[in-house]
Amino acid sequence: MQLNLPDVVAEVTAVFQRYEKALNENDQLVLNELFWDSPHVVRFGIAEQLYGSAQIQGFRASRAPIDLRRELLKVVITTYGRDFATASCEYRRFETGRIGRQMQTWARLEVDGASVWRVVAAHVSLLPLPA
């Protein structure tokens, strides 16, 4: 297996940046598009465990758009061959200054006859507030 092929890293970086822009703008259409539309996709969040695209989309539709905007502090994208990648980041939320972490697993999938990158698993956490 070849790690970090430059063209694949560029593809995943671009789709990760698209996701980040959508997250900061609370663009639910793009966020939902970039997650695998499957009962097998998983997203563990700050206070929720979501199994399947229906639960993830429902969560996004019902959450208040409070303290969503953030700045990335560190991003590590690693690709494994041509069809699998991880994107890990540390971030700071603008409103509260809280530090968080996010891990995403991306896979190249066939969707409507096109080869596209989708998040197939994700985990988001916030660090405890300083004492």
Side-chain angles (χ1 to χ4, degrees):
M1 175 184 320
Q2 294 179 303
L3 293 176
N4 293 331
L5 294 164
D7 60 320
V8 181
V9 171
E11 289 176 18
V12 176
T13 299
V15 74
F16 175 82
Q17 290 172 342
R18 184 171 177 234
Y19 175 89
E20 188 64 22
K21 181 178 187 290
L23 183 68
N24 276 285
E25 295 174 356
N26 196 30
D27 186 338
Q28 294 178 35
L29 290 176
V30 172
L31 294 171
N32 290 338
E33 171 196 332
L34 293 178
F35 265 71
W36 185 24
D37 187 10
S38 168
H40 303 291
V41 66
V42 176
R43 181 188 178 276
F44 294 153
I46 305 302
E48 65 281 346
Q49 293 77 243
L50 306 169
Y51 295 89
S53 53
Q55 285 187 0
I56 294 168
Q57 291 173 15
F59 165 76
R60 290 196 193 284
S62 66
R63 86 170 154 189
I66 298 169
D67 200 24
L68 294 179
R69 296 191 68 240
R70 65 192 195 176
E71 66 175 323
L72 296 175
L73 304 175
K74 186 169 186 173
V75 177
V76 176
I77 293 176
T78 306
T79 64
Y80 308 84
R82 302 201 75 77
D83 300 319
F84 188 79
T86 56
S88 308
C89 71
E90 294 178 46
Y91 61 87
R92 179 183 298 115
R93 289 190 167 177
F94 284 130
E95 289 182 38
T96 61
R98 291 195 67 187
I99 302 295
R101 301 166 294 188
Q102 173 183 289
M103 298 274 307
Q104 294 175 326
T105 304
W106 290 81
R108 187 190 308 270
L109 303 170
E110 291 294 319
V111 176
D112 297 327
S115 177
V116 295
W117 287 98
R118 295 293 183 257
V119 174
V120 297
H123 192 154
V124 181
S125 62
L126 285 173
L127 295 176
L129 291 170

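Since we're looking at a predicted model, the values are computed, not measured.
A donor-acceptor contact shorter than 3.5 Å is absent between the side chain of Gln57 and the backbone of Asn32. Between the side chain of Thr79 and the backbone N or O of Ala85, no donor-acceptor pair lies under 3.5 Å. In this structure, Arg70 contributes its side chain and Glu90 its backbone to no donor-acceptor pair below 3.5 Å. Panel note: side chain Arg93, backbone Asp67; a donor-acceptor pair is recorded below 3.5 Å.
Taking CG of Asn24 as the reference point, atom CG of Leu72 lies at 7.5 Å (rounded to 0.5 Å). We find the CD-CD distance between Gln102 and Glu20 to be 6.5 Å, quoted to the nearest 0.5 Å. A distance of 3.5 Å separates OG1 in Thr13 from CD1 in Ile77, rounded to the nearest 0.5 Å. Going from atom CD of Gln104 over to atom SG of Cys89 covers 7.0 Å, rounded to the nearest 0.5 Å. For the atom pair Met1 CE and Arg82 CZ, the distance stands at 13.0 Å (nearest 0.5 Å).
Linking Ile, Leu, Val, Met, Phe, Trp and Tyr residues whenever their side-chain heavy atoms come within less than 4.5 Å leaves Leu34 and Val42 in two separate clusters. A continuous path of Ile, Leu, Val, Met, Phe, Trp and Tyr side chains, each step under 4.5 Å between heavy atoms, connects Val119 with Ile46, placing both in one hydrophobic cluster. Hydrophobic clustering of Ile, Leu, Val, Met, Phe, Trp and Tyr side chains at less than 4.5 Å, counting indirect connections, keeps Trp106 apart from Val9. Grouping the Ile, Leu, Val, Met, Phe, Trp and Tyr side chains by contacts below 4.5 angstrom, directly or via other members, places Val12 with Leu31. In the hydrophobic cluster analysis, where Ile, Leu, Val, Met, Phe, Trp and Tyr join through side-chain heavy atoms closer than 4.5 angstrom, Phe84 is grouped apart from Met103.
In terms of heavy-atom proximity, Val8 sits nearest to Gly81 at CG1-O, 3.9 Å. Nearest heavy atoms, Ser53 versus Val41: N-CG1, 3.4 Å. Shortest non-hydrogen contact noted between Asn26 and Pro65 is ND2-CB, 3.5 Å. Considering all non-hydrogen atoms of both residues, Arg92 and Gly97 come closest at CG-O, 3.5 Å. Minimum heavy-atom separation, Glu95 to Ile66: OE1-CG2, 4.0 Å.
When side chains are defined from C-beta on, Val120 counts as touching Leu109, because their heavy atoms get closer than 4.5 Å. The side-chain heavy atoms of Arg43 and Gln55, taken from C-beta on, include no pair separated by under 4.5 Å. By the 4.5 Å heavy-atom criterion applied to side chains, Thr105 and Trp36 are not counted as neighbours. Using a 4.5 Å heavy-atom threshold, the side chains of Leu126 and Tyr91 count as touching. Using a 4.5 Å cut-off on side-chain heavy atoms (C-beta onward), Tyr80 and Thr86 make contact. You'll find the side chain of Ser115 reaches within 4.5 Å of the side chain of Glu110, heavy atoms only.
In the displayed structure, Glu71 atom CD is contacted under 6.0 Å by more than 12 heavy atoms of other residues, nucleotides or ligands.
Taking the six-membered ring where the residue is Trp, Tyr19 and Phe35 present tilted rings, their angle falling between 30° and 60°.
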Discussion item. As a quick check of understanding, evaluate side chain to side chain contact (heavy atoms under 4.5 Å, CB included) for Val111 and Asp37, giving each step before the final call.
Written reply: CA-CA 9 Å; Val111 176; Asp37 187 10; over 6 Å; no
Worksheet item: Please walk me through it: do Leu68 and Arg63 pass side chain to side chain contact (heavy atoms under 4.5 Å, CB included)?
Response: CA-CA 10 Å; Leu68 294 179; Arg63 86 170 154 189; 3.8 Å; yes
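In summary, Arg108 and Glu11 engage in a salt bridge, as defined by a charged side-chain N under 4.0 Å from a carboxylate O.
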